[in-house]
Number of protein chains: 2
Amino acid sequence: MTATSPQPPTKAQLLELVAALGTAQWQDFAAAAARQGLTSVQAKLLAQLKGPVPMRGLATLLVCDASNVTGIVDRLEARGLVRREPDPADRRVKNVVATDEGHETIRRVRAEMQATHTALDALDEEERTTLYGLLERLRPGMERRG
Amino acid sequence: MTATSPQPPTKAQLLELVAALGTAQWQDFAAAAARQGLTSVQAKLLAQLKGPVPMRGLATLLVCDASNVTGIVDRLEARGLVRREPDPADRRVKNVVATDEGHETIRRVRAEMQATHTALDALDEEERTTLYGLLERLRPGMERRG
DNA sequence: CGTTGATGCTTGAGATCGTCAAGCAACTGG
DNA sequence: CCAGTTGCTTGACGATCTCAAGCATCAACG
């Protein structure tokens, strides 16, 4: 059935496959987060904190209401994984920063996404380069509405 | 910057890109579902119903507790999008079936995932074939734990 | 047949997630 | 100084999710 040039997949098939892998990866992430005692959303927020980010910025990144971020940060802060710092330029703003323990925790989550790591290990360097290129081509259409 | 053979991406870069696209696609799906008055989870459940599926099977497909499925199906049933039918072979089992309106609703959700459709339209047939092949190579590592 | 154990589903309690409306503090532009 | 905007929090409420408990049914065994 498979020669050097198989039948091109329909858009529906491709869409289904992309959805399936997206779901699988998300659940891998959620499971890894749970092992660190975090919900998926908490881990996702923590993953954004390479530097200080204002509450409003987090709401934008997570595509949710700002009032929702308040609660998530509350719980992370209660566990010592993030800190709220005043913004020197605007006293309304609170910048969220990951603590050392926060950074270490999200590093562990990423390291423990076994299913994803295993899957990526199945590709050689050339295939990864090709895949990366194709996915980058998809990105422009995906980010910021459709 | 880009020659015919760019530097191979690190696994971390590839992982980040996969995660970003997975997130974008999920939010595209959630937005399309919301336009039909559904939450993402309700739409996701509805998307599984090509035929009758027992409650327990849905819990397995959605990777969640069976008691959770009860509530989601309750709400879908109250809106006439699914039905619970007795299983002729096992009176404990209730099979969930999408109604005509349920099928039509999930069809509309899929059709309205504009960002995803637009993104896929950016690829030509050969690229889609290549991408499909690579994603299929990833699947074995992703499904069923890692 | 009857008992024992496993399985399918629901219920209730409790936590998190998510939105909206309202409120206060602080910035911005006249 | 004043009006409008913006950033964050609070409270109310619904949806999602897990766990423990309960009921009905099935399967297996004596």
Side-chain angles (χ1 to χ4, degrees), chain A residues 23 26-27 29-49 52-79 81-97 109, chain B residues 23 26-27 29-49 52-79 81-97 109:
Chain A
T23 299
W26 175 252
Q27 283 171 354
F29 179 72
R35 265 172 252 135
Q36 303 299 322
L38 295 176
T39 66
S40 338
V41 178
Q42 287 166 0
K44 181 164 178 171
L45 191 153
L46 204 47
Q48 314 293 323
L49 299 180
V53 184
M55 301 291 288
R56 193 70 196 73
L58 285 172
T60 302
L61 285 169
L62 302 185
V63 194
C64 72
D65 196 274
S67 66
N68 193 16
V69 177
T70 298
I72 300 170
V73 170
D74 279 351
R75 289 180 275 273
L76 286 171
E77 194 169 31
R79 295 188 34 191
L81 301 180
V82 306
R83 242 187 351 254
R84 274 182 244 234
E85 295 182 343
D87 187 302
D90 187 337
R91 277 183 299 172
R92 290 173 302 181
V93 174
K94 292 178 186 170
N95 288 310
V96 183
V97 195
V109 171
Chain B
T23 299
W26 175 253
Q27 284 172 354
F29 179 72
R35 263 172 254 136
Q36 303 300 322
L38 295 176
T39 66
S40 340
V41 178
Q42 288 167 359
K44 180 163 178 170
L45 191 152
L46 204 47
Q48 314 294 321
L49 299 180
V53 184
M55 301 292 288
R56 192 71 197 74
L58 285 172
T60 301
L61 285 169
L62 301 184
V63 194
C64 71
D65 196 274
S67 67
N68 193 17
V69 177
T70 298
I72 300 169
V73 170
D74 279 350
R75 288 178 275 274
L76 285 173
E77 194 170 29
R79 294 188 34 192
L81 302 180
V82 306
R83 242 188 350 254
R84 274 181 245 235
E85 295 182 343
D87 187 302
D90 187 338
R91 277 184 300 171
R92 290 172 302 180
V93 174
K94 291 178 187 169
N95 287 310
V96 183
V97 195
V109 170

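A quick note: this is a predicted structure, and the numbers were derived from the prediction, not measured. Proteins get letters first, then strands, A, B, ... in listed order; numbering begins at 1 in each.
Pairing analysis of DNA chain C (Watson-Crick: purine N1 to pyrimidine N3 plus N6-O4 or O6-N4; G-U wobble: N1-O2 and O6-N3; both under 3.5 Å) yields stems of 3 or more pairs at C:1-30 with D:1-30.
Looking only at side-chain heavy atoms (C-beta outward), A/Met55 and A/Val73 come within less than 4.5 Å of each other. In this structure the side chain of A/Val96 never reaches within 4.5 angstrom of the side chain of A/Pro54, judged on heavy atoms.
Between the CE atom of A/Met55 and the P atom of C/dC24 there is a distance of 20 Å, given to the nearest Å. Atom CH2 in B/Trp26 sits roughly 11 Å away from atom P in C/dG18 (whole-Å rounding).
Taking A/Arg92 as the reference, A/Asp90 meet the salt bridge (charged side-chain N to carboxylate O under 4.0 Å, His left out) condition, with sequence neighbours excluded. Remark: A/Arg79 engages no residue in a side-chain hydrogen bond (donor to acceptor under 3.5 Å, both in side chains) (not counting sequence neighbours). With sequence neighbours excluded, the residues forming a side-chain hydrogen bond (donor to acceptor under 3.5 Å, both in side chains) with B/Glu85 are B/Arg83, listed by chain and number. Considering only residues two or more places apart in sequence or on other chains, B/Ala66 meets the side-chain contact (heavy atoms from CB on, under 4.5 Å) condition with B/Ala59. By the side-chain hydrogen bond (donor to acceptor under 3.5 Å, both in side chains) test, A/Gln36 pairs with A/Arg108, A/Glu112, sequence neighbours left out. Scored by the side-chain hydrogen bond (donor to acceptor under 3.5 Å, both in side chains) test, A/Asp87 finds A/Asn95 as partners (sequence neighbours excluded).
The shortest heavy-atom contact between A/Gln27 and B/Val63 is OE1-CG2, 3.3 Å. Considering all non-hydrogen atoms of both residues, B/Cys64 and B/Asn68 come closest at SG-ND2, 3.7 Å.
A salt bridge (charged side-chain N to carboxylate O under 4.0 Å, His left out) check over residues 57-67 of chain A, counting only residues at least two apart or in different chains, returns nothing.
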Counting only pairs under 3.5 Å, give me each side-chain donor-acceptor contact of residues 38-46 of chain B, with atom names and distances, residues two or more places apart or in other chains.
from	atom 1	to	atom 2	distance (Å)
B/Thr39	OG1	B/Gln42	N	3.2
B/Gln42	OE1	B/Thr39	N	3.1

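With a heavy-atom cut-off of 4.0 Å to chain A, the contacted part of DNA chain D has its first and last nucleotide at D/dT6 to D/dT10.
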Would you list the protein and nucleotides 14-17 of chain C atom pairs, both N or O, that sit under 3.5 Å from each other?
from	atom 1	to	atom 2	distance (Å)
C/dC17	OP1	A/Thr39	OG1	2.4
C/dC17	OP2	A/Arg75	NE	3.0
C/dC17	OP2	A/Arg75	NH2	2.9

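A donor-acceptor contact shorter than 3.5 Å links the side chain of B/Glu77 to the backbone of B/Arg84.
Contact check of residues 81-94 of chain A against DNA chain D (heavy atom, cut-off under 4.0 Å) returns A/Arg84, A/Arg92, A/Val93, A/Lys94.
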